[in-house]
Amino acid sequence: MSFSTDVKEELITHTGKARHCQLAGLAVIFRMECILEKDPQSQELSLFMQTDNVFSVRKCFTILKKAFNIDTDILETEREIHVNGRYYKKVDLDSGILKTILMALKEIDGDGTLRVPNGVVSPLLLRSQCCKRAFLRDLFICSGSISDPTKSYHMEFVCDNEDQAHQLLDVLEDFSIKGRMIHRKKYCVVYLKEGEEIVDLLNIMEAHVGLMNLENLRILKDMRNSVNRRVNCETANIAKTATAASRQLDDIMYIEQHYGIAKLSEGLRAIAEARLEHPEATLSELGGYLSPPVGKSGVNHRLRKLSELADKLRG
């Protein structure tokens, strides 16, 4: 399974204990996954739900049972309806019970008037922090996803419209998380790119197993990156040292052929002979071969003098 699937599997087991939290979560599912149809003759409402997201279906029926003590199911034999490229199936709910649920979710007024279907959950259901947690949790179940943390850090929510996206951004802001929004075809996508923000949001949604798995992957990834940086740095230093040593050997050999090492001062002659005997040694190691030993800066100074002499001889 993907990391997103694992997180959703964990989140469907978390349902707020308080009824107001359950209603906040159910309102999200109704807004994201359901549509209402009114019979033109009886004026009775029917609820239809998308069934391709098994997580939201399971969570919806779990909340209906806990908040309203209702056992229901999808009516597979009933007709489907097709809206905006999505297929919905009828939920087995009595119209009177459905009206009670919709009133609790602030979707209809006492006289049965429906709210404007803009995908936004009633702010009256999001007055408490615990309800906002439930909102985020069940919104992720409906429309969220997380990329494989071993490859990149990316978490997003696909919203149907800007009103829905801005409500999500406001709720995230209440938890000091700065989301970003982009338009993708006909949808608005709210996303997070920082690993730390994703960890914080998983904690807020109470996906603690997913959080620990992500943290473990982050630690492993950081360790690998650190090792790679160190290896790259050491490789670069080795290459630099080898290039410098090769250049120094060329200079010394040129001096031997066109001037003579024996004519050099004692200090320069000693470092030239040490370099010829130890072509792969570092500056510090070369200094240790001299008697008395010379520090790294002293060795570098002498080699630079040899290089200047070789350049002068070359004209």
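In this text, all values refer to a predicted model and were calculated from it rather than measured experimentally.
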What pair of heavy atoms forms the shortest contact from [X] to [Y], and how long is it?
X: Tyr289; Y: Ala281; value: CE1-CB, 4.1 Å
X: Glu285; Y: Thr282; value: OE1-N, 2.9 Å
X: Asn203; Y: Arg133; value: O-NH1, 4.0 Å
X: Val158; Y: Gln164; value: O-OE1, 4.4 Å
X: Ile177; Y: Leu192; value: CG2-CD2, 3.7 Å
X: Phe3; Y: Gly210; value: CZ-O, 3.5 Å

Looking at [Y], is its backbone amide N or carbonyl O close enough to the side chain of [X] to form a donor-acceptor pair, meaning the two atoms are under 3.5 Å apart?
X: Arg302; Y: Gly267; result: yes
X: Glu10; Y: Val209; result: yes
X: Ser128; Y: Cys131; result: no
X: Ser246; Y: Thr243; result: no
X: Ser143; Y: Leu139; result: yes
X: Thr72; Y: Asp92; result: yes
X: Lys59; Y: His14; result: yes
X: Ser4; Y: Ile146; result: yes

Partner set under ring pair (Phe, Tyr, Trp, His ring centres under 6.0 Å) for His208, not counting sequence neighbours: none
Carefully, step by step, assess Arg314 and Asp251 under the rule salt bridge (charged side-chain N to carboxylate O under 4.0 Å, His left out). CA-CA 10 Å; Arg314 291 187 183 103; Asp251 290 341; 3.0 Å; yes
With salt bridge (charged side-chain N to carboxylate O under 4.0 Å, His left out) as the test, would you mind laying out the steps for Lys178 and Glu197 before giving the verdict? CA-CA 8 Å; Lys178 182 67 175 178; Glu197 291 178 330; over 6 Å; no
Between Val91 and Phe48, is there a side-chain heavy-atom distance shorter than 4.5 Å? no
Given side chains that start at C-beta, do those of Val294 and Ile271 come closer than 4.5 Å, heavy atoms only? no
How many angstroms lie between [atom1] in [X] and [atom2] in [Y], if you round to the nearest 0.5 Å?
X: Lys296; Y: Leu286; atom1: NZ; atom2: CG; value: 11.5 Å
X: Glu173; Y: Leu168; atom1: CD; atom2: CG; value: 11.5 Å
X: His301; Y: Ser297; atom1: NE2; atom2: OG; value: 9.5 Å
X: Arg86; Y: Gln50; atom1: CZ; atom2: CD; value: 5.0 Å
X: Phe55; Y: Leu11; atom1: CZ; atom2: CG; value: 10.0 Å
X: Asp138; Y: Gln22; atom1: CG; atom2: CD; value: 10.5 Å

Applying ring pair (Phe, Tyr, Trp, His ring centres under 6.0 Å) as the test, list every pair that has at least one member in residues 164-207; sequence neighbours left out. His154-Tyr191
Would you kindly say whether Glu37 and Ser46 are connected by a side-chain donor-acceptor distance under 3.5 Å? no
Any ion pair linking Lys90 and Glu80 (charged N to carboxylate O, less than 4.0 Å)? no
Check this for me: does any side-chain nitrogen of one of Glu156 and Lys193 sit under 4.0 Å from a carboxylate oxygen of the other? no
Check whether more than 12 heavy atoms from other residues, nucleotides or ligands sit under 6.0 Å from atom CD of Gln129, and answer yes or no. yes
Phe140 six-ring face occupied by Lys8 cation (under 6.0 Å, within 45°): yes
